[in-house]
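This report concerns only the one structure given below.
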Amino acid sequence: MFDKEKVKLGIAPIAWTNDDMPDLGSENTFEQCVSEMALAGFTGSEVGNKYPKDTKILKHALNLRGVEICNQWFSAFLITKPFEEVEKEFRAQLTYLKEMGAKVIGASEQSYSVQGMLDTPIFGHKYVMSDEEWKTFCDGMNRLGKIAKDEYGIALTFHHHMGTVVQNADEVERMMANTDPEYVSLLFDTGHFAYCGEDPLEMVKKYADRIKHVHLKDIRKDMVEKVKKEELSFLDGVRMGTFTVPGDGDIDFDPIFKVLEESGYTGYMVVEAEQDPAKANPLEYALKARKFISEKTGL
C-alpha cells in the first residue's frame, strides 16, 4: 500500500469540460467542477480553461474545498519557434504555478501535433523528427527544465501523447536518453502508452526512477480499434469513448500500482480521463475512479 503522506490523488477538469472541444461540458461551471472533485475525495487538480487566471480568486475557491493545483499542461514548440518565445510563455506559466504552490509542470512538444486536428486520423499521421530536430528538442527541454528547477523550484515532467512527436516507446527512450535526469522527468500516462500499442507496465518498470507525475487513464480497446480501422481523429475517439477512468477499461492497473509503490513513487497520481460528460457523468465517474484506486492502493 502507498504512503498517504507521500502519494496524493488528483483529478483533471477535462472530465467536466474539454478544452480541446469546448462543446463537451460547456454547461459545467468551474465551481461545479472543483466542488465535485472534492466531493469525490480528490485533493489535487490540474488547470482547466475555465479556471480563474487570478491566483487569489483561484486559491480562495480551492481552499474552500480542500483542493490544490498539482500540475498544468504546457504546450512547447521547441522545434518550430525561437527558444526565447517558448521560454517567455514557460516562465509566465511557472510564475502562475509557483503562486499556486504546484511542484510540477507537464510539458508536451506540440510542433506538428495532430492530436487536435478533427480531420486527421490519429494513427499513421504523426510527425517524425529529424536528427537535427531531436537535438533542438532535447536541448530545449534541458534548458526549460533547468529554468523550472533552479529558478522556480518546479519539476518539468514530459507528457508523451498520441499524435505528437514523442508518442511511442522508442521516442520516449530517445528523449530520456538525451535529456538530463536532474532537469527532465517523465509524466507517465497509462492511457497514452496503451493507446499507441505500448505496454504501460513495461514503461513504468523501465522509467520508475524518473517518473514525477502520473496520469491514470484507462482505454476501451474496442473503441481504439474502431478509431484505427475507420481512420478517425484523436478527438473523434474521445467523443466515442476511447478513454475512461481507471478500472472501467482494459488496462490492468494492479501491477502498475505495484511497481510505483515498490519504486517509492512520491507525488500526485491524477485521474485524467476525457470523455463526453453527457454520456459519462463526471461526478459518477470520479467516484468510480476514487473507489477503484482506494481498493487497489489503500489511498
Side-chain angles (χ1 to χ4, degrees), residues 20 71-91 93-94 104-117 119-151 154-215 224 227-228 231 233-235:
D20 295 318
N71 172 45
Q72 183 178 17
W73 169 284
F74 176 73
S75 293
F77 294 89
L78 290 166
I79 65 171
T80 51
K81 289 183 180 179
F83 181 80
E84 293 71 25
E85 198 175 316
V86 177
E87 180 188 356
K88 185 181 178 184
E89 293 174 8
F90 189 61
R91 285 183 181 278
Q93 202 162 307
L94 286 169
V104 163
I105 186 166
S108 169
E109 179 61 26
Q110 286 293 293
S111 298
Y112 308 116
S113 171
V114 299
Q115 76 190 59
M117 295 181 180
D119 55 350
T120 303
I122 191 61
F123 286 101
H125 290 263
K126 70 179 290 304
Y127 184 81
V128 177
M129 288 191 282
S130 66
D131 289 345
E132 186 182 348
E133 286 170 328
W134 267 106
K135 185 174 186 336
T136 300
F137 162 66
C138 291
D139 289 351
M141 275 295 150
N142 280 331
R143 290 174 71 184
L144 292 178
K146 188 175 188 338
I147 289 167
K149 183 184 180 187
D150 292 354
E151 299 182 39
I154 291 173
L156 185 156
T157 62
F158 186 83
H159 192 341
H160 58 97
H161 198 289
M162 287 298 298
T164 69
V165 291
V166 183
Q167 169 182 291
N168 61 38
D170 290 343
E171 290 160 344
V172 170
E173 172 54 30
R174 186 165 179 178
M175 183 206 69
M176 298 295 268
N178 290 282
T179 51
D180 188 338
E182 189 176 341
Y183 299 125
V184 180
S185 301
L186 186 67
L187 190 164
F188 169 67
D189 190 306
T190 54
H192 280 284
F193 273 133
Y195 199 121
C196 73
E198 306 293 359
D199 182 353
L201 177 58
E202 290 308 308
M203 295 296 98
V204 75
K205 283 179 182 175
K206 188 169 187 177
Y207 300 116
D209 63 335
R210 281 185 73 179
I211 294 170
K212 284 197 176 171
H213 200 64
V214 173
H215 277 175
V224 172
V227 167
K228 186 184 278 189
E231 298 189 333
S233 72
F234 179 72
L235 298 181

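Every value quoted in this text rests on a predicted model; they were computed, and no experiment measured them.
- Taking the salt bridge (Lys or Arg N to Asp or Glu O under 4.0 Å) definition, one finds that Lys126 meets it with Glu171, sequence neighbours left out.
- The 12-atom threshold is exceeded at CZ of Arg210, counting heavy atoms of other residues, nucleotides or ligands nearer than 6.0 Å.
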Report the C-alpha distance between Ser233 and Thr120 in whole Å, list the side-chain angles of each, state the deciding distance to 0.1 Å, and finish with yes or no for side-chain contact (heavy atoms from CB on, under 4.5 Å). CA-CA 5 Å; Ser233 72; Thr120 303; 5.7 Å; no
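- Taking the six-membered ring for Trp and the full ring otherwise, the centers of His159 and His215 sit less than 6.0 Å from each other.
- A 4.5 Å side-chain heavy-atom check between Asn71 and Leu187 finds at least one atom pair inside the cut-off.
- In plain terms, the two heavy atoms of Tyr127 and Ile79 that are nearest each other are CE2-CD1, 4.3 Å.
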Might you work through the side chain to side chain donor-acceptor pair (under 3.5 Å) test for Ser113 and Gln115, ending with a clear yes or no? CA-CA 6 Å; Ser113 171; Gln115 76 190 59; 3.3 Å; yes
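- Aromatic pair Tyr207/Phe193: ring centres not closer than 6.0 Å.
- Asp20 places no side-chain N or O within 3.5 Å of a backbone atom of Gly116 that could act as its donor or acceptor partner.
- Summarising the local packing, CD of Glu89 is surrounded by more than 12 heavy atoms from other residues, nucleotides or ligands at distances under 6.0 Å.
- Note that the NE2 atom of His160 and the CZ atom of Phe188 stand 6.5 Å from one another [nearest 0.5 Å].
- Put simply, CD on Glu198 and CG on Asp170 are 7.0 Å apart, with the number rounded to the nearest 0.5 Å.
- Interatomic distance, Phe74 CZ to Glu109 CD, rounded to the nearest 0.5 Å: 9.5 Å.
- Nearest heavy atoms, Val166 versus Trp134: CG2-CH2, 4.2 Å.
- For Ser108 (side chain) and Gln110 (main-chain N/O), no donor-acceptor pair under 3.5 Å exists by modelled atom type.
- When all heavy atoms of Lys212 and Ala155 are compared, the pair lying nearest together is CD-CB, 4.0 Å.
- In this structure, Phe123 has its ring center closer than 6.0 angstrom to the ring center of Tyr195.
- Of the possible polar contacts, one joining the Gln167 side chain to the Gly163 backbone as a donor-acceptor pair under 3.5 Å is found.
- In this structure, Lys88 does not pair ionically with Glu84, as no charged nitrogen and carboxylate oxygen lie closer than 4.0 Å.
- Between Leu186 and Val172 the shortest heavy-atom distance is CD1-CG1, 4.2 Å.
- Between Ile147 and Arg91, the closest side-chain pair of non-hydrogen atoms falls below 4.5 Å.
- Here the SG-CD distance, from Cys138 to Glu133, works out to 11.5 Å after rounding to the nearest 0.5 Å.
- Among all heavy-atom pairs drawn from Tyr183 and Leu156, the shortest one is O-CB, 3.7 Å.
- Expressed to the nearest 0.5 Å, how far CZ of Phe83 lies from CZ of Arg143 amounts to 4.0 Å.
- We find the CD1-CE distance between Ile122 and Met117 to be 10.0 Å, quoted to the nearest 0.5 Å.
- Here the shortest heavy-atom pairing between Ser111 and Leu78 reads OG-N, 4.0 Å.
- With hydrogens and angles ignored, the 3.5 Å screen pairs no side-chain donor or acceptor of Asp180 with any backbone N or O of Asn142.
- At a threshold of 4.5 Å between non-hydrogen side-chain atoms, the residues Phe137 and Met175 count as touching.
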